[in-house]
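Please read the structure below before turning to the comments.
This structure is a prediction, so every number in the text was calculated from the model and none was measured. Only this structure's heavy atoms are used, side chains among them; waters, hydrogens and symmetry mates stay out.
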Amino acid sequence: MNRHFSDARYYFRRGFDHLYTGLKEESEPLRRRIMEAMGREMDEEEMGPQSRRERVEYGARRAATRGRRAARKVRRRVERTE
């Protein structure tokens, strides 16, 4: 992959991250109103990780969970074929 493609991929990913963050910030008041109407309160934990370290730790936990789920699915498939 030449430099142009790697640069384009980098900026595409950064743009997507900014889009996701912007949409999350814009939809937060609406989400709060919906949660209040349903009778639920939003905890700080529900809002998700805030600092960079929290996001990395959250991502690591999520990746581990997804890995275990994938391994479980593979085991089930192998057991069915035997």
Side-chain angles (χ1 to χ4, degrees):
M1 188 178 332
N2 67 30
R3 188 185 79 215
H4 298 291
F5 287 114
S6 61
D7 286 350
R9 195 175 101 206
Y10 169 79
Y11 286 114
F12 178 74
R13 189 174 58 231
R14 291 258 336 238
F16 182 77
D17 289 342
H18 284 286
L19 175 66
Y20 178 78
T21 303
L23 288 173
K24 186 175 177 183
E25 287 176 7
E26 290 293 320
S27 66
E28 191 66 30
L30 177 62
R31 183 171 180 233
R32 284 189 185 277
R33 284 193 306 232
I34 290 172
M35 297 295 271
E36 288 173 5
M38 290 174 40
R40 288 185 57 198
E41 293 183 16
M42 286 183 53
D43 297 333
E44 289 298 319
E45 293 176 9
E46 284 187 39
M47 292 178 61
Q50 299 298 319
S51 71
R52 177 176 282 189
R53 181 180 181 138
E54 288 174 339
R55 288 192 303 266
V56 169
E57 290 172 351
Y58 175 76
R61 285 192 308 270
R62 187 170 177 222
T65 302
R66 293 174 103 187
R68 285 192 295 270
R69 285 181 189 157
R72 201 175 310 133
K73 283 183 179 180
V74 169
R75 274 190 235 113
R76 286 181 190 153
R77 286 182 188 165
V78 170
E79 289 172 358
R80 279 190 230 154
T81 59
E82 292 177 352

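Distance OH/Tyr11 to OG/Ser6: 10.0 Å, rounded to 0.5 Å.
Listed for the Glu25 side chain is no donor-acceptor partner under 3.5 Å among the backbone atoms of Gly22. Looking at Thr21, its side chain never comes within 3.5 Å of a backbone N or O of His18 through a donor-acceptor pair.
Residues Leu30 and Met38 fall within the same hydrophobic cluster, defined by Ile, Leu, Val, Met, Phe, Trp and Tyr side chains chained together at heavy-atom separations under 4.5 Å.
Applying the side-chain hydrogen bond (donor to acceptor under 3.5 Å, both in side chains) criterion to Tyr10, with sequence neighbours excluded, gives Arg14. Listed by chain and residue number, Glu57 satisfy the side-chain hydrogen bond (donor to acceptor under 3.5 Å, both in side chains) test with Arg53 (two or more places apart in sequence, or in another chain).
Between Thr65 and Arg68, some side-chain heavy-atom pair lies under the 4.5 Å cut-off. Side-chain contact between Leu23 and Glu26: absent, with no pair of heavy atoms (C-beta onward) separated by less than 4.5 Å.
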Notebook entry, point to check: Given Val74 and Arg77, is the side-chain contact (heavy atoms from CB on, under 4.5 Å) satisfied, shown in steps?
Noted result: CA-CA 5 Å; Val74 169; Arg77 286 182 188 165; 5.6 Å; no
